[in-house]
Every structure is written in C-alpha cells, then in structure tokens.
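Reviewing the structure listed below.
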Amino acid sequence: MYELVIKKGRVINSDAAFTADVAVEDGKIAAVGAELAGRREIQAAGKLVIPGGVDTHLHFTLDLGGGLVSTDDFFTGSRAAALGGTTTVVPFIHPEEGESAAEAFNRRQREAVGQSVVDYGWHMNIGPEAFRRSGGVRSFVEETAALGISTYKLYMAYGYRLNDAQLLQAMEAIAGVGGLPVVHAENWELLSHLVQRAVDAGHRHPRWHEKTRPAEFEAEAAARVIAIARWVGLPVEIFHVGTREVVAQIRRARREGAAVYGETCPQYLFLNNGAFEREGIEAAYAVCAPPLRSEEDRRGMWQALAEDDLQIVSTDHCPFTKEQKRAGLQAGFHKIPGGVPSLEMRMAALYSEGVAKGRFSENRWVELCSTFPARLHGFAQKGVIAPGYDADLVVFDPAARRTITAEGLHEACGWTPYEGLELTGAVESTIVRGTPVVEQGRFTGERGIGGYRSRSGAL
Ligand code: DUC
Ligand code: ZN
C-alpha cells in the first residue's frame, strides 16, 4: 500500500503517453503501473497526469530601485504557481555591491524558507560589480556554484548590464563550473538613445515603449551574445524571445550545431503590440521588456515552439500594482515599470492554445513547460513521471472551460493582461514532492512545503 496513488489518469511525459496509476512514497514517484493501491487515492480517469510545471524565469520581489518592487513575494507567487500547475520556480538573486555570493544567497533564502509552496532554485545575477570583487568574476562564479546554483543571469540592458568583454569573461567563468548563462538580450546603447530622443520630442504614450526598442536591435544583441557563447564553447539560453528576428538568430545557430536555446513567454504568445493601444492604464499593463511585437511575431512564436526553434515557455512573471503602473503612465512610457503576471495561467494557456487547437502534441506541451526547462537548468529529479523522480505531479482536466479574470487569479496585483481569455483545460490537483497543495482547483497547501533544490550543473 503506497502513501498516495493517482488512479487511472493518462500519464503524459515528453516522450510517451499511456494510462496508468502513479504511486508516491516519501516525496518520490515509487511506481507507475496498473492496480496500484494507496492509503490515499486521487481519481484521475479522463484526466491528464503530467509532471509539475517548471518555470525557469520569474521575479519575486524584484527591486527596480526608487521603491519599485514587483508585487508577488514567495508565498503569493508560489501559491499562484501551484494553482497554475507549476511545482518548481527559479527566481533571481541580485547581489548588492560588496555582498558575497553566500551573503546574497542567505538574504534571498530568508524570503523563501518557510514561505514557498513549491520547490525552487536560484539564478545568480552577474553584474558589473562581480568584476570589482577580489578574485573577480571567476571566484564569484565558483562561490555561487558551491551554493548549488548552476544558472547565471547576464543582462545586456539596465544597470546590471555587462559590456561585451565582461560577457565573454563571465561566460568563461561559467564554463569553468559547467553552468548555463541565461541572457536578457537588448542593445542598451541604441535603445537608451531612442528613448531619450522620443522623450525629448515629447512622446509619452506607452506605444513608444515598443517604438524605441526595435526588433532589429534586439536581434543584434542576441546574435552578439550567441557569437560570444559559441566562441567560449558554452551553451546559452536567450530569455523572453518575442520577435521573429531573434528566432532567426537562434535557428541559424542551432542548425550550425551550436547549443543555443530560446525561451518565450505567454505575453509574446497571447498578446501583441495592439495592447499598447488599449484604453488608459490597460496600455501600461502591457509594458514589459522586451516589448510585445506584431501579430505576425506573435504567430511566429507559436510556429517556433512547434518547430523546436524555441525550446522553453517560462513566464518572466513580474507584476507591479495598478498604482505603480498608473504612476509610470503619468510620468511617460519610459517610467512605466516593465512586467506582467503570467505565472498562474501558463500551463493551462499553453494547453488550450497549443494542444487543444492542434498546434503541437501533449508531449510537446510537457516538454516545453516542464521536462526541458528542468533538464536544461539542471533539475535532474524533475520534469518526468517515472520511478525515482520527485513526485511533482499535476492532474489536469482537458475538458474544463475557464475564462481568465483578475478576480479568479491569485497573483498579488489585481489585474491581468489576459482578462476575458477563454481557455480549454484546467489544473485540478497539484502535488509538490508528494504533498497535495491544490485539490479540486483550490489551494489547500501550507507555507513552506516547497524547498530549495541545489543543482550541480546544467545540461
Ligand atoms: N522584463 C520585464 O518586463 N520585467 C522584468 C525584467 C525584464 O527583463
Ligand atoms: Zn529580462
């Protein structure tokens, strides 16, 4: 008799689909087979049983400075994740000047321990300050790897941005520990110039957010960082791809045999730059970076997922309050805090628009949202339903119908850019390492069930 058995669901892995019982013991999947009995049983006939979602790109309490902090903290954010079928998240550590990797890690851990409902790892941000430390970037990366962190965020934009020589040195250091760089690719010099020019000309409307961040310059940055990674001989993942120009760079590199990976996010799959023309504050809600692009780009992201030109769907979840967005809107497009909430809708939205509408298979859905992000980011125990893996499981009702509303979501911002979006399929139960935290679509978990998962390397 097992501790918990999910009965008679259709188990979906990235490479197989079959009807079976899934038995759980001590937080692990103990058996997958027929006629398994549990002290507790969840009936899943007619439902899909998938490995819990893995979201390898999101922000909890991101501090943009000047009092602007993104709203979801570890509890509200991880609860939204669980309700949306995501059981592993990877937010960021932004070390402060003079802070060691361990000090920064401990500071962030204090926000997460006892709060997170789902498991989590960390990306370590390598900013210019890493180069000013004694021992330089290499010892900073080694110190980080010793904490069980194997993924490193490199910005080509904002205050954290690295110049090209720093990108190269950071990548050499990451290669030395078998890690993976994940990159925000935009050409900061060009876009800053265009933003200033637009502001000087008196432009304030959110549409100028996209106009001042041309896709060509985003693609130029992606091509540049891909070239550096290839020269160093290191895999690289380009974050939040929303334009076909960047997809073309990734595709070209991959066809030449380079280990280059691309992520897109729900905002680039469900929204286009028409959102900047919405009324009032709705236009400010849509501001995120890189910006939303054309309808052709939006369609192009779906095609890229189907054709494996993009390999991961994460969220870059980073909501700000209505008041923060409104204050930005009044000050002008360049002052609107960038970020949208997508964490809770990701899995169901990808099923609805991807699988139910025939764009790709159930297996590809699981691969994009769970198996491959787990594998690329070094979560060796996650993303697969098989004995020995973590019992992170989701029971998903493929026939349920749901309309997205801000009221029905649990993200801590009170708005959603997807208001009114109709979805086929809904998360019914979520299990985090053997513990049900969502049952019948309702949160039943407790703070602190999730834990830090250390990693020893990336793909
Ligand atoms: N883009 C956003 O829109 N928000 C947070 C960080 C980022 O790169
Ligand atoms: Zn980014």
Side-chain angles (χ1 to χ4, degrees), residues 1-55 78 81-89 116-119 347-348 350-351 355-356 361-375 379-400 424-446 448-451 453:
M1 187 79 81
Y2 294 100
E3 193 179 301
L4 171 69
V5 174
I6 301 173
K7 297 289 293 176
K8 295 186 167 43
R10 190 171 146 76
V11 174
I12 314 290
N13 274 326
S14 64
D15 58 355
F18 50 89
T19 298
D21 297 344
V22 180
V24 173
E25 199 71 51
D26 290 333
K28 295 277 180 192
I29 296 170
V32 179
E35 306 294 327
L36 305 177
R39 288 191 289 286
R40 174 158 187 208
E41 295 186 347
I42 295 175
Q43 302 304 324
K47 311 286 161 65
L48 309 181
V49 181
I50 60 170
V54 177
D55 191 331
S78 65
L83 282 158
T86 288
T87 53
T88 304
V89 296
S116 191
V117 178
V118 301
D119 279 357
M347 299 292 289
L350 264 286
Y351 178 85
V355 182
S361 68
E362 298 162 323
N363 309 91
R364 181 68 176 156
W365 171 51
V366 165
E367 182 168 51
L368 290 166
C369 295
S370 175
T371 311
F372 193 69
R375 187 157 158 249
F379 291 100
Q381 304 299 311
K382 299 195 180 288
V384 178
I385 298 181
Y389 281 84
D390 285 352
D392 296 339
L393 299 160
V394 170
V395 179
F396 189 86
D397 181 353
T424 301
V427 171
E428 198 171 277
S429 309
T430 302
I431 294 154
V432 175
R433 267 188 296 128
T435 303
V437 297
V438 174
E439 296 165 90
Q440 302 301 326
R442 293 189 186 284
F443 181 68
T444 56
E446 285 169 25
I449 284 173
R453 309 307 275 172

For [X] and [Y], work out which heavy atoms get closest and say how close.
{"X": "Ser14", "Y": "Asn363", "result": "O-CB, 3.1 Å"}
{"X": "Gly383", "Y": "Ser370", "result": "CA-OG, 3.4 Å"}
{"X": "Val32", "Y": "Ala386", "result": "CG2-CA, 4.2 Å"}
{"X": "Phe396", "Y": "Gly425", "result": "CZ-C, 3.5 Å"}
{"X": "Pro398", "Y": "Gly46", "result": "CD-O, 3.6 Å"}
{"X": "Gly434", "Y": "Val24", "result": "CA-CG1, 3.6 Å"}

Pairs touching [range] that satisfy side-chain hydrogen bond (donor to acceptor under 3.5 Å, both in side chains), sequence neighbours left out:
{"range": "residues 31-44", "value": "Arg40-Glu439"}
{"range": "residues 385-395", "value": "Lys28-Asp390, Lys382-Asp390, Lys382-Asp392, Asp390-Arg453"}
{"range": "residues 18-27", "value": "Lys7-Asp21"}

#### Entry: Thr430 (side chain) donor-acceptor with Ala82 (main chain) under 3.5 angstrom
yes
### Message
Has Asp119 got a side-chain atom pairing as donor or acceptor with Gly451's backbone, closer than 3.5 angstrom?
### Response
yes
About how many Å separate [atom2] of [Y] and [atom1] of [X], when rounded to the nearest 0.5 Å?
{"X": "Leu350", "Y": "Leu368", "atom1": "CG", "atom2": "CG", "answer": "7.0 Å"}
{"X": "Ile431", "Y": "Ile42", "atom1": "CD1", "atom2": "CD1", "answer": "4.0 Å"}
{"X": "Ile12", "Y": "Thr371", "atom1": "CD1", "atom2": "OG1", "answer": "11.0 Å"}
{"X": "Met347", "Y": "Thr87", "atom1": "CE", "atom2": "OG1", "answer": "8.0 Å"}
{"X": "Leu4", "Y": "Leu393", "atom1": "CG", "atom2": "CG", "answer": "8.0 Å"}
{"X": "Ile29", "Y": "Tyr2", "atom1": "CD1", "atom2": "OH", "answer": "12.0 Å"}

N/O donor to acceptor pairs below 3.5 angstrom from side-chain atoms of residues 47-54, sequence neighbours left out:
residue, atom, partner, partner atom, Å
Lys47, NZ, Glu428, OE1, 3.0
Lys47, NZ, Glu428, OE2, 3.4

### Message
List the residues meeting side chain to side chain donor-acceptor pair (under 3.5 Å) with Arg364, not counting sequence neighbours, and say none if there are none.
### Response
Asp308, Glu367
### Query
Residues two or more places apart in sequence or in another chain: which of them pass ring pair (Phe, Tyr, Trp, His ring centres under 6.0 Å) with Phe372?
Tyr261
